[in-house]
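Note that these values count all heavy atoms, side chains included, but never hydrogens, waters or copies made by symmetry. First the proteins, then the strands, lettered A, B, ... as listed; each starts at 1. All of these numbers come straight from a predicted model, not from anything done at the bench.
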Amino acid sequence: MDRMKGRVALITGAARGIGAATARRFVEEGALVLLTDLLDAEGEALARSLGANARYLHHDVTRAEDWARATETVTTAFGGLNVLVNNAGILAAQTPIEQTEESDFRRVMDVNVVSVFLGMKAAAPAMKASGPGAIINLSSVAGIIGTANTAAYTASKFAVRGLTKSLAMELAEFGIRVNSVHPGYVDTKMIADMIPAEHAEAFRSSASPLGRLARPIEIANMVLFLASEESSYATGSEFIVDGGFTCH
Amino acid sequence: MGKLDNKVAIVTGGSRGLGEATVRLFAREGAKVLLTDVLDVEGEALAAALGANVRFMHHDVSKEAEWQSVVAAAESAFGLVSVLVNNAGIAQSGPMETLSESEYSRVIAINQTGVFLGMKSVLASMRRTGGGSIINVSSIYGLRGSPQTIAYTASKFAVAGMTKAAAMELAPDRIRVNSIHPGFFATPMALGNQAVVDTVLPLVPAGRLGDPDEIAQMALLLASDDMKYATGAEFVVDGGFTTY
(Lines give C-alpha, C1' and ligand atoms only; values in the text may rest on other atoms or scores of the structure.)
Protein backbone atom coordinates (compact mmCIF):
# COMPACT_ATOMS: atom_id res chain seq x y z
CA MET A 1 0.00 0.00 0.00
CA ASP A 2 2.93 2.36 -0.51
CA ARG A 3 3.64 2.18 -4.21
CA MET A 4 3.26 5.98 -4.38
CA LYS A 5 4.39 6.86 -0.86
CA GLY A 6 5.05 10.58 -0.54
CA ARG A 7 4.70 11.19 -4.29
CA VAL A 8 2.82 14.34 -5.27
CA ALA A 9 0.37 14.07 -8.17
CA LEU A 10 -1.93 16.34 -10.13
CA ILE A 11 -4.87 14.61 -11.87
CA THR A 12 -7.20 16.48 -14.22
CA GLY A 13 -10.78 15.43 -14.86
CA ALA A 14 -10.64 13.74 -11.47
CA ALA A 15 -14.24 14.28 -10.33
CA ARG A 16 -15.52 11.08 -11.89
CA GLY A 17 -14.76 8.17 -14.20
CA ILE A 18 -11.16 7.15 -14.86
CA GLY A 19 -9.81 10.27 -13.16
CA ALA A 20 -11.71 9.57 -9.94
CA ALA A 21 -10.62 5.92 -9.91
CA THR A 22 -7.02 7.02 -10.45
CA ALA A 23 -7.15 9.57 -7.63
CA ARG A 24 -8.55 6.91 -5.30
CA ARG A 25 -5.85 4.36 -6.22
CA PHE A 26 -3.06 6.97 -5.88
CA VAL A 27 -4.22 7.99 -2.39
CA GLU A 28 -4.58 4.32 -1.36
CA GLU A 29 -0.94 3.85 -2.38
CA GLY A 30 0.32 6.78 -0.32
CA ALA A 31 0.32 9.67 -2.82
CA LEU A 32 -0.60 13.28 -2.14
CA VAL A 33 -3.09 14.25 -4.84
CA LEU A 34 -4.55 17.45 -6.21
CA LEU A 35 -7.76 16.58 -8.06
CA THR A 36 -8.95 19.11 -10.61
CA ASP A 37 -12.10 19.37 -12.68
CA LEU A 38 -14.95 21.65 -13.71
CA LEU A 39 -17.41 19.53 -11.71
CA ASP A 40 -16.85 21.19 -8.35
CA ALA A 41 -19.50 19.48 -6.25
CA GLU A 42 -18.38 15.96 -7.25
CA GLY A 43 -14.68 16.83 -7.11
CA GLU A 44 -14.88 18.38 -3.65
CA ALA A 45 -16.92 15.49 -2.30
CA LEU A 46 -14.44 12.97 -3.64
CA ALA A 47 -11.42 14.85 -2.26
CA ARG A 48 -13.10 15.10 1.15
CA SER A 49 -13.80 11.37 1.17
CA LEU A 50 -10.14 10.64 0.40
CA GLY A 51 -8.87 12.54 3.47
CA ALA A 52 -6.03 14.95 4.15
CA ASN A 53 -3.84 13.69 1.33
CA ALA A 54 -6.32 14.83 -1.34
CA ARG A 55 -7.44 18.33 -2.31
CA TYR A 56 -9.69 19.64 -5.01
CA LEU A 57 -9.31 22.68 -7.28
CA HIS A 58 -11.60 24.10 -9.96
CA HIS A 59 -9.63 23.96 -13.19
CA ASP A 60 -10.42 24.67 -16.82
CA VAL A 61 -7.63 22.76 -18.58
CA THR A 62 -7.90 24.93 -21.69
CA ARG A 63 -6.74 28.04 -19.80
CA ALA A 64 -3.05 28.70 -19.13
CA GLU A 65 -3.86 30.84 -16.09
CA ASP A 66 -5.82 27.96 -14.55
CA TRP A 67 -2.80 25.71 -15.11
CA ALA A 68 -0.54 28.24 -13.39
CA ARG A 69 -2.89 28.23 -10.41
CA ALA A 70 -3.07 24.43 -10.36
CA THR A 71 0.71 23.92 -10.33
CA GLU A 72 1.10 26.71 -7.75
CA THR A 73 -1.58 25.10 -5.57
CA VAL A 74 -0.10 21.61 -5.71
CA THR A 75 3.47 22.70 -5.00
CA THR A 76 2.37 24.95 -2.15
CA ALA A 77 0.09 22.37 -0.59
CA PHE A 78 2.31 19.31 -1.00
CA GLY A 79 5.83 20.66 -1.57
CA GLY A 80 6.54 19.67 -5.19
CA LEU A 81 5.15 17.82 -8.18
CA ASN A 82 6.21 14.32 -9.26
CA VAL A 83 3.32 13.03 -11.36
CA LEU A 84 0.96 14.68 -13.82
CA VAL A 85 -2.04 12.76 -15.18
CA ASN A 86 -3.64 14.56 -18.13
CA ASN A 87 -6.99 12.81 -18.00
CA ALA A 88 -9.58 15.55 -18.65
CA GLY A 89 -11.26 15.21 -22.02
CA ILE A 90 -14.51 15.34 -23.90
CA LEU A 91 -16.22 13.14 -26.45
CA ALA A 92 -17.71 15.00 -29.40
CA ALA A 93 -21.12 14.16 -30.83
CA GLN A 94 -20.73 11.39 -33.42
CA THR A 95 -21.55 13.05 -36.71
CA PRO A 96 -20.57 12.68 -40.36
CA ILE A 97 -17.95 15.21 -41.36
CA GLU A 98 -20.42 17.35 -43.33
CA GLN A 99 -22.41 17.86 -40.15
CA THR A 100 -19.41 18.46 -37.89
CA GLU A 101 -19.11 22.16 -37.12
CA GLU A 102 -15.70 23.75 -37.28
CA SER A 103 -16.35 25.23 -33.86
CA ASP A 104 -17.00 21.74 -32.44
CA PHE A 105 -13.79 20.40 -33.96
CA ARG A 106 -11.81 23.29 -32.48
CA ARG A 107 -13.51 22.81 -29.13
CA VAL A 108 -12.48 19.12 -28.97
CA MET A 109 -8.91 19.96 -29.96
CA ASP A 110 -8.85 22.68 -27.31
CA VAL A 111 -10.08 20.46 -24.46
CA ASN A 112 -8.28 17.23 -25.45
CA VAL A 113 -5.02 18.48 -26.99
CA VAL A 114 -4.19 22.10 -26.14
CA SER A 115 -4.90 21.17 -22.52
CA VAL A 116 -2.21 18.47 -22.58
CA PHE A 117 0.29 20.90 -24.10
CA LEU A 118 -0.55 23.56 -21.50
CA GLY A 119 -0.40 20.99 -18.71
CA MET A 120 3.04 19.66 -19.58
CA LYS A 121 4.33 23.20 -20.16
CA ALA A 122 3.02 24.39 -16.81
CA ALA A 123 4.15 21.31 -14.88
CA ALA A 124 7.63 20.91 -16.39
CA PRO A 125 9.46 23.45 -14.19
CA ALA A 126 8.02 22.08 -10.94
CA MET A 127 8.58 18.48 -12.05
CA LYS A 128 12.20 19.12 -13.07
CA ALA A 129 12.78 20.69 -9.66
CA SER A 130 11.19 17.72 -7.86
CA GLY A 131 13.46 14.98 -9.24
CA PRO A 132 12.39 11.87 -11.16
CA GLY A 133 8.78 11.99 -12.26
CA ALA A 134 6.17 10.72 -14.65
CA ILE A 135 3.58 12.19 -16.96
CA ILE A 136 0.70 10.01 -18.07
CA ASN A 137 -1.49 11.28 -20.90
CA LEU A 138 -4.86 9.63 -21.45
CA SER A 139 -5.30 8.97 -25.12
CA SER A 140 -7.73 6.27 -26.30
CA VAL A 141 -8.08 3.37 -28.69
CA ALA A 142 -9.24 6.24 -30.92
CA GLY A 143 -5.57 7.28 -30.87
CA ILE A 144 -4.58 3.91 -32.33
CA ILE A 145 -7.23 3.09 -34.95
CA GLY A 146 -9.77 4.93 -37.09
CA THR A 147 -13.54 4.86 -36.61
CA ALA A 148 -16.23 6.63 -38.65
CA ASN A 149 -17.99 9.81 -37.54
CA THR A 150 -15.40 10.72 -34.93
CA ALA A 151 -13.06 13.01 -36.84
CA ALA A 152 -12.45 15.45 -34.02
CA TYR A 153 -12.08 12.90 -31.21
CA THR A 154 -9.82 10.66 -33.30
CA ALA A 155 -7.62 13.56 -34.39
CA SER A 156 -7.37 14.75 -30.79
CA LYS A 157 -6.37 11.36 -29.41
CA PHE A 158 -3.74 10.75 -32.10
CA ALA A 159 -2.38 14.19 -31.23
CA VAL A 160 -2.07 13.23 -27.56
CA ARG A 161 -0.07 10.17 -28.60
CA GLY A 162 2.30 12.34 -30.63
CA LEU A 163 2.69 14.96 -27.92
CA THR A 164 3.59 12.14 -25.54
CA LYS A 165 6.43 10.91 -27.73
CA SER A 166 7.86 14.36 -28.31
CA LEU A 167 7.89 15.19 -24.61
CA ALA A 168 9.31 11.76 -23.73
CA MET A 169 12.36 12.63 -25.82
CA GLU A 170 12.56 16.15 -24.44
CA LEU A 171 12.24 15.27 -20.76
CA ALA A 172 14.24 12.01 -20.64
CA GLU A 173 17.40 13.80 -19.54
CA PHE A 174 15.54 15.16 -16.52
CA GLY A 175 14.37 11.71 -15.44
CA ILE A 176 10.78 12.51 -16.33
CA ARG A 177 9.03 9.66 -18.16
CA VAL A 178 6.10 10.39 -20.46
CA ASN A 179 3.71 7.67 -21.63
CA SER A 180 0.20 7.44 -23.06
CA VAL A 181 -2.60 5.15 -21.91
CA HIS A 182 -5.18 3.95 -24.43
CA PRO A 183 -8.37 2.65 -22.83
CA GLY A 184 -11.05 0.90 -24.82
CA TYR A 185 -14.68 1.44 -23.84
CA VAL A 186 -14.85 2.05 -20.11
CA ASP A 187 -17.92 1.94 -17.91
CA THR A 188 -18.11 5.73 -17.38
CA LYS A 189 -20.71 8.45 -17.78
CA MET A 190 -18.91 9.67 -20.91
CA ILE A 191 -19.57 6.35 -22.62
CA ALA A 192 -23.06 5.85 -21.11
CA ASP A 193 -24.11 9.22 -22.51
CA MET A 194 -22.99 8.09 -25.96
CA ILE A 195 -25.14 4.94 -26.11
CA PRO A 196 -28.96 4.94 -26.20
CA ALA A 197 -30.33 2.95 -23.25
CA GLU A 198 -32.05 0.36 -25.43
CA HIS A 199 -28.70 -0.54 -27.02
CA ALA A 200 -26.66 -0.51 -23.81
CA GLU A 201 -26.66 -4.26 -23.17
CA ALA A 202 -25.73 -5.19 -26.74
CA PHE A 203 -23.06 -2.51 -26.71
CA ARG A 204 -21.49 -3.82 -23.52
CA SER A 205 -21.17 -7.38 -24.75
CA SER A 206 -19.71 -6.31 -28.08
CA ALA A 207 -17.42 -3.63 -26.65
CA SER A 208 -14.37 -5.90 -26.79
CA PRO A 209 -13.34 -9.51 -27.43
CA LEU A 210 -13.48 -9.96 -23.65
CA GLY A 211 -17.21 -9.28 -23.91
CA ARG A 212 -17.55 -6.42 -21.48
CA LEU A 213 -16.63 -2.80 -20.78
CA ALA A 214 -13.57 -1.94 -18.72
CA ARG A 215 -14.04 -0.90 -15.13
CA PRO A 216 -12.47 2.50 -14.36
CA ILE A 217 -10.14 0.88 -11.81
CA GLU A 218 -8.68 -1.33 -14.56
CA ILE A 219 -7.45 1.79 -16.33
CA ALA A 220 -6.43 3.40 -13.04
CA ASN A 221 -4.19 0.40 -12.30
CA MET A 222 -2.34 0.99 -15.58
CA VAL A 223 -1.89 4.68 -14.78
CA LEU A 224 -0.68 3.75 -11.29
CA PHE A 225 1.97 1.42 -12.72
CA LEU A 226 3.24 4.16 -15.05
CA ALA A 227 3.27 6.72 -12.23
CA SER A 228 5.18 4.45 -9.86
CA GLU A 229 8.81 3.44 -9.92
CA GLU A 230 7.75 -0.03 -11.09
CA SER A 231 7.82 1.38 -14.64
CA SER A 232 11.12 3.24 -14.23
CA TYR A 233 12.42 2.15 -17.68
CA ALA A 234 9.21 2.88 -19.63
CA THR A 235 8.97 6.12 -21.56
CA GLY A 236 7.54 7.27 -24.88
CA SER A 237 5.32 4.20 -25.20
CA GLU A 238 1.66 3.40 -25.65
CA PHE A 239 -0.09 1.32 -23.02
CA ILE A 240 -3.28 -0.18 -24.41
CA VAL A 241 -5.94 -1.58 -22.04
CA ASP A 242 -8.86 -2.36 -24.29
CA GLY A 243 -9.97 -5.97 -23.86
CA GLY A 244 -8.49 -6.76 -27.28
CA PHE A 245 -10.43 -4.07 -29.16
CA THR A 246 -7.48 -2.96 -31.31
CA CYS A 247 -5.75 -6.30 -31.78
CA HIS A 248 -7.97 -7.42 -34.63
CA MET B 1 -0.58 -10.15 0.78
CA GLY B 2 1.06 -10.75 -2.59
CA LYS B 3 -0.27 -9.77 -5.98
CA LEU B 4 0.01 -13.37 -7.19
CA ASP B 5 -1.22 -15.27 -4.13
CA ASN B 6 -2.69 -18.66 -5.09
CA LYS B 7 -1.47 -18.42 -8.68
CA VAL B 8 0.64 -21.08 -10.36
CA ALA B 9 3.09 -19.78 -12.95
CA ILE B 10 5.44 -21.33 -15.49
CA VAL B 11 8.41 -19.16 -16.48
CA THR B 12 10.62 -20.42 -19.32
CA GLY B 13 14.23 -19.34 -19.60
CA GLY B 14 14.00 -18.69 -15.88
CA SER B 15 17.59 -19.51 -14.91
CA ARG B 16 19.03 -16.06 -15.53
CA GLY B 17 18.44 -12.62 -17.01
CA LEU B 18 14.87 -11.37 -17.44
CA GLY B 19 13.47 -14.80 -16.59
CA GLU B 20 15.37 -15.01 -13.31
CA ALA B 21 14.19 -11.55 -12.26
CA THR B 22 10.62 -12.55 -13.11
CA VAL B 23 10.85 -15.79 -11.11
CA ARG B 24 12.22 -13.90 -8.09
CA LEU B 25 9.50 -11.23 -8.19
CA PHE B 26 6.67 -13.69 -8.82
CA ALA B 27 7.81 -15.81 -5.86
CA ARG B 28 8.03 -12.70 -3.65
CA GLU B 29 4.44 -11.82 -4.66
CA GLY B 30 3.10 -15.18 -3.54
CA ALA B 31 3.08 -17.24 -6.75
CA LYS B 32 4.07 -20.87 -6.99
CA VAL B 33 6.57 -20.99 -9.83
CA LEU B 34 7.89 -23.73 -12.04
CA LEU B 35 10.94 -22.28 -13.70
CA THR B 36 12.31 -24.08 -16.73
CA ASP B 37 15.50 -23.75 -18.73
CA VAL B 38 18.26 -25.71 -20.43
CA LEU B 39 20.73 -24.24 -17.91
CA ASP B 40 20.29 -26.83 -15.19
CA VAL B 41 22.94 -25.74 -12.70
CA GLU B 42 21.78 -22.11 -12.52
CA GLY B 43 18.12 -23.13 -12.52
CA GLU B 44 18.49 -25.70 -9.74
CA ALA B 45 20.43 -23.22 -7.61
CA LEU B 46 17.84 -20.48 -8.09
CA ALA B 47 14.95 -22.79 -7.20
CA ALA B 48 16.80 -24.05 -4.13
CA ALA B 49 17.48 -20.48 -3.00
CA LEU B 50 13.83 -19.44 -3.33
CA GLY B 51 12.27 -22.23 -1.27
CA ALA B 52 9.44 -24.72 -1.57
CA ASN B 53 7.19 -22.62 -3.82
CA VAL B 54 9.74 -22.60 -6.64
CA ARG B 55 10.87 -25.64 -8.59
CA PHE B 56 13.16 -26.15 -11.55
CA MET B 57 12.74 -28.45 -14.53
CA HIS B 58 14.96 -29.02 -17.53
CA HIS B 59 13.07 -27.89 -20.62
CA ASP B 60 13.82 -27.43 -24.29
CA VAL B 61 10.92 -25.19 -25.33
CA SER B 62 11.13 -26.30 -28.96
CA LYS B 63 10.02 -29.85 -28.03
CA GLU B 64 6.28 -30.43 -27.65
CA ALA B 65 6.71 -33.56 -25.53
CA GLU B 66 8.78 -31.60 -23.00
CA TRP B 67 6.03 -28.97 -22.79
CA GLN B 68 3.52 -31.68 -21.89
CA SER B 69 5.82 -32.89 -19.12
CA VAL B 70 6.34 -29.35 -17.83
CA VAL B 71 2.61 -28.58 -17.58
CA ALA B 72 1.96 -31.95 -15.94
CA ALA B 73 4.77 -31.29 -13.45
CA ALA B 74 3.42 -27.83 -12.61
CA GLU B 75 -0.07 -29.24 -12.04
CA SER B 76 1.09 -32.09 -9.86
CA ALA B 77 3.44 -29.94 -7.79
CA PHE B 78 1.30 -26.81 -7.42
CA GLY B 79 -2.13 -27.20 -9.11
CA LEU B 80 -3.79 -25.74 -12.20
CA VAL B 81 -1.72 -23.19 -14.11
CA SER B 82 -2.92 -19.60 -14.45
CA VAL B 83 0.19 -17.74 -15.66
CA LEU B 84 2.66 -18.59 -18.42
CA VAL B 85 5.66 -16.41 -19.21
CA ASN B 86 7.19 -17.46 -22.53
CA ASN B 87 10.56 -15.88 -21.92
CA ALA B 88 13.09 -18.40 -23.23
CA GLY B 89 14.95 -17.18 -26.29
CA ILE B 90 18.29 -17.06 -28.01
CA ALA B 91 20.11 -14.21 -29.71
CA GLN B 92 21.39 -14.10 -33.26
CA SER B 93 23.59 -11.58 -34.99
CA GLY B 94 25.54 -11.41 -38.18
CA PRO B 95 25.01 -10.78 -41.87
CA MET B 96 22.35 -12.88 -43.54
CA GLU B 97 24.65 -14.27 -46.20
CA THR B 98 26.62 -16.09 -43.52
CA LEU B 99 23.55 -17.37 -41.68
CA SER B 100 22.88 -21.01 -42.49
CA GLU B 101 19.39 -22.35 -42.88
CA SER B 102 19.89 -24.58 -39.86
CA GLU B 103 20.98 -21.64 -37.67
CA TYR B 104 17.97 -19.66 -38.88
CA SER B 105 15.67 -22.57 -38.14
CA ARG B 106 17.11 -23.02 -34.66
CA VAL B 107 16.30 -19.40 -33.74
CA ILE B 108 12.76 -19.84 -35.08
CA ALA B 109 12.33 -23.17 -33.28
CA ILE B 110 13.23 -21.75 -29.88
CA ASN B 111 11.96 -18.16 -30.07
CA GLN B 112 8.84 -18.68 -32.17
CA THR B 113 7.76 -22.32 -32.20
CA GLY B 114 8.53 -22.49 -28.47
CA VAL B 115 5.95 -19.76 -27.82
CA PHE B 116 3.33 -21.54 -29.94
CA LEU B 117 3.94 -24.83 -28.15
CA GLY B 118 3.80 -23.12 -24.77
CA MET B 119 0.45 -21.49 -25.43
CA LYS B 120 -0.95 -24.69 -26.90
CA SER B 121 0.25 -26.88 -24.04
CA VAL B 122 -0.98 -24.70 -21.18
CA LEU B 123 -4.42 -24.03 -22.63
CA ALA B 124 -6.29 -26.96 -21.08
CA SER B 125 -4.92 -26.19 -17.64
CA MET B 126 -5.87 -22.51 -17.89
CA ARG B 127 -9.36 -23.36 -19.13
CA ARG B 128 -9.89 -25.49 -16.06
CA THR B 129 -8.55 -22.64 -13.91
CA GLY B 130 -11.27 -20.45 -15.40
CA GLY B 131 -8.88 -18.08 -17.15
CA GLY B 132 -5.29 -17.01 -17.12
CA SER B 133 -2.60 -14.70 -18.36
CA ILE B 134 -0.03 -15.56 -21.01
CA ILE B 135 2.89 -13.17 -21.32
CA ASN B 136 5.07 -13.57 -24.38
CA VAL B 137 8.45 -11.88 -24.28
CA SER B 138 9.03 -10.34 -27.69
CA SER B 139 11.50 -7.47 -28.08
CA ILE B 140 11.93 -4.07 -29.63
CA TYR B 141 13.24 -6.24 -32.50
CA GLY B 142 9.60 -7.34 -32.80
CA LEU B 143 8.63 -3.74 -33.60
CA ARG B 144 11.42 -2.34 -35.80
CA GLY B 145 14.01 -3.46 -38.30
CA SER B 146 17.72 -3.47 -37.66
CA PRO B 147 20.67 -4.91 -39.57
CA GLN B 148 22.24 -8.33 -39.04
CA THR B 149 19.45 -9.78 -36.94
CA ILE B 150 17.21 -11.31 -39.56
CA ALA B 151 16.32 -14.52 -37.74
CA TYR B 152 15.93 -12.85 -34.35
CA THR B 153 13.77 -10.09 -35.85
CA ALA B 154 11.60 -12.60 -37.72
CA SER B 155 11.05 -14.62 -34.56
CA LYS B 156 10.19 -11.59 -32.41
CA PHE B 157 7.73 -10.13 -34.95
CA ALA B 158 6.15 -13.57 -35.03
CA VAL B 159 5.76 -13.53 -31.26
CA ALA B 160 3.93 -10.20 -31.45
CA GLY B 161 1.64 -11.53 -34.16
CA MET B 162 0.94 -14.87 -32.48
CA THR B 163 0.11 -12.95 -29.31
CA LYS B 164 -2.67 -11.06 -31.09
CA ALA B 165 -4.05 -14.15 -32.82
CA ALA B 166 -4.07 -16.08 -29.55
CA ALA B 167 -5.65 -13.14 -27.70
CA MET B 168 -8.58 -13.21 -30.11
CA GLU B 169 -8.88 -16.98 -29.99
CA LEU B 170 -8.71 -17.26 -26.21
CA ALA B 171 -10.72 -14.20 -25.13
CA PRO B 172 -13.91 -16.29 -24.69
CA ASP B 173 -11.96 -18.46 -22.22
CA ARG B 174 -10.88 -15.38 -20.23
CA ILE B 175 -7.29 -16.16 -21.09
CA ARG B 176 -5.45 -12.92 -21.73
CA VAL B 177 -2.41 -12.88 -24.02
CA ASN B 178 -0.03 -9.93 -24.23
CA SER B 179 3.51 -9.31 -25.44
CA ILE B 180 6.30 -7.47 -23.65
CA HIS B 181 8.92 -5.68 -25.73
CA PRO B 182 12.11 -5.07 -23.77
CA GLY B 183 14.78 -2.73 -25.08
CA PHE B 184 18.38 -3.29 -24.06
CA PHE B 185 18.77 -4.79 -20.61
CA ALA B 186 21.71 -5.71 -18.43
CA THR B 187 21.35 -9.45 -19.05
CA PRO B 188 23.82 -12.13 -20.12
CA MET B 189 22.26 -12.01 -23.61
CA ALA B 190 22.88 -8.28 -24.14
CA LEU B 191 26.12 -8.04 -22.17
CA GLY B 192 27.42 -10.98 -24.20
CA ASN B 193 27.79 -8.64 -27.15
CA GLN B 194 29.79 -5.63 -25.95
CA ALA B 195 29.87 -4.10 -29.43
CA VAL B 196 26.07 -3.88 -29.43
CA VAL B 197 26.03 -2.36 -25.96
CA ASP B 198 28.62 0.26 -26.97
CA THR B 199 26.64 1.11 -30.09
CA VAL B 200 23.17 1.31 -28.60
CA LEU B 201 23.77 2.83 -25.20
CA PRO B 202 24.24 6.40 -26.51
CA LEU B 203 20.96 5.96 -28.42
CA VAL B 204 18.82 5.15 -25.38
CA PRO B 205 16.93 8.28 -24.22
CA ALA B 206 16.97 6.99 -20.64
CA GLY B 207 20.78 6.95 -20.82
CA ARG B 208 21.25 3.47 -19.39
CA LEU B 209 20.50 -0.20 -19.90
CA GLY B 210 17.38 -1.50 -18.23
CA ASP B 211 17.51 -3.50 -15.02
CA PRO B 212 15.92 -6.99 -15.38
CA ASP B 213 13.61 -6.16 -12.47
CA GLU B 214 12.03 -3.49 -14.67
CA ILE B 215 10.78 -6.22 -17.02
CA ALA B 216 9.77 -8.43 -14.12
CA GLN B 217 7.54 -5.59 -12.86
CA MET B 218 5.82 -5.35 -16.25
CA ALA B 219 5.26 -9.11 -16.29
CA LEU B 220 3.93 -8.98 -12.74
CA LEU B 221 1.37 -6.33 -13.66
CA LEU B 222 0.14 -8.36 -16.64
CA ALA B 223 0.04 -11.57 -14.61
CA SER B 224 -1.94 -10.00 -11.78
CA ASP B 225 -5.66 -9.40 -11.40
CA ASP B 226 -4.96 -5.65 -11.66
CA MET B 227 -4.91 -5.95 -15.44
CA LYS B 228 -7.86 -8.13 -16.29
CA TYR B 229 -8.89 -5.92 -19.22
CA ALA B 230 -5.58 -6.01 -21.09
CA THR B 231 -5.25 -8.49 -23.91
CA GLY B 232 -3.71 -8.59 -27.36
CA ALA B 233 -1.53 -5.56 -26.65
CA GLU B 234 2.18 -4.75 -26.84
CA PHE B 235 3.87 -3.47 -23.70
CA VAL B 236 7.10 -1.69 -24.53
CA VAL B 237 9.70 -1.10 -21.80
CA ASP B 238 12.74 0.27 -23.58
CA GLY B 239 13.88 3.52 -22.00
CA GLY B 240 12.44 5.38 -24.98
CA PHE B 241 14.46 3.50 -27.63
CA THR B 242 11.56 3.08 -30.08
CA THR B 243 10.12 6.53 -29.40
CA TYR B 244 12.18 7.91 -32.27
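- For chain A, the option among B:Gly210, B:Ala165, B:Gly232 with the highest count of heavy-atom pairs below 4.5 Å is B:Gly210.
- Interface remark: A:Glu229 contributes no atoms to any contact with chain B (heavy atom separation under 4.5 Å).
- Across all their heavy atoms, A:Phe225 and B:Leu221 have their closest contact at CG-CD2, 3.7 Å.
- Interface summary for chain A: among B:Thr242, B:Thr163, B:Val236, the most heavy-atom pairs under 4.5 angstrom belong to B:Val236.
- In this structure, the separation between CG on B:Leu170 and CG on A:Leu210 is 11.0 Å, given to the nearest 0.5 Å.
- For a residue to count as touching a neighbouring chain, one of its non-hydrogen atoms must lie under 4.5 Å from one of that chain's; by this rule B:Met227 touches chain A with the side chain only.
- Of all heavy-atom pairs spanning B:Met168 and A:Pro209, the tightest one is SD-CG, 3.7 Å.
- How far CG of A:Asn221 is from OH of B:Tyr229: 14.5 Å, rounded to the nearest 0.5 Å.
- Smallest separation of non-hydrogen atoms from A:Met169 and B:Gly240: SD-O, 4.4 Å.
- In terms of heavy-atom pairs under 4.5 Å with chain B, the best-connected choice from A:Ser232, A:Ala220, A:Gly244 is A:Ser232.
- The environment of CD1 in B:Ile150 is sparse: at most 12 heavy-atom neighbours from other residues, nucleotides or ligands sit within 6.0 Å.
- With chain B as partner, the option from A:Gly236, A:Ala214, A:Ser208 having the largest number of non-hydrogen pairs under 4.5 angstrom is A:Ala214.
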B:Glu234 and A:Phe239: CA distance, side-chain angles, deciding distance, side-chain contact (heavy atoms from CB on, under 4.5 Å) verdict: CA-CA 8 Å; B:Glu234 296 161 2; A:Phe239 291 82; over 6 Å; no
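- Under a cut-off of 6.0 angstrom, the local environment of CG in B:Asn6 is sparse, with at most 12 non-hydrogen atoms contributed by other residues, nucleotides or ligands.
- For the options A:Thr246, A:Val178, A:Thr235, heavy-atom pairs under 4.5 Å to chain B are most numerous at A:Thr235.
- Of the listed residues (A:Thr164, A:Asp242, A:Ile217), the greatest number of heavy-atom pairs within a distance under 4.5 Å of chain B belongs to A:Asp242.
- For the residue pair A:Tyr233 and B:Val204, the shortest heavy atom distance occurs at OH-CG1, 3.4 Å.
- Distance check: A:Ser237 OG to B:Phe235 CZ gives 11.0 Å after rounding to the nearest 0.5 Å.
- Of the two parts of B:Phe241, neither the backbone nor the side chain holds a non-hydrogen atom closer than 4.5 Å to a non-hydrogen atom of chain A.
- Residue A:Ser231: no heavy atom, backbone or side chain, is found under 4.5 Å from chain B.
- Heavy atoms of B:Ala233 lying under 4.5 Å from chain A belong exclusively to its side chain.
- Between A:Arg3 and B:Asp226, the shortest heavy-atom contact is NH1-OD2, 3.9 Å.
- Taking chain B as the reference chain and counting heavy-atom pairs below 4.5 Å, the highest number among A:Ile144, A:Leu213, A:Ile219, A:Leu224 is found for A:Leu213.
- Interface remark: of the candidates B:Ala171, B:Gly239, B:Ala230, B:Gly239 forms the most heavy-atom pairs closer than 4.5 Å to chain A.
- Both the backbone and the side chain of A:Arg212 come within less than 4.5 Å of a heavy atom of chain B.
- Counted within 6.0 Å of NZ on B:Lys228, heavy atoms from surrounding residues, nucleotides or ligands total 12 or fewer; the atom is thus considered open.
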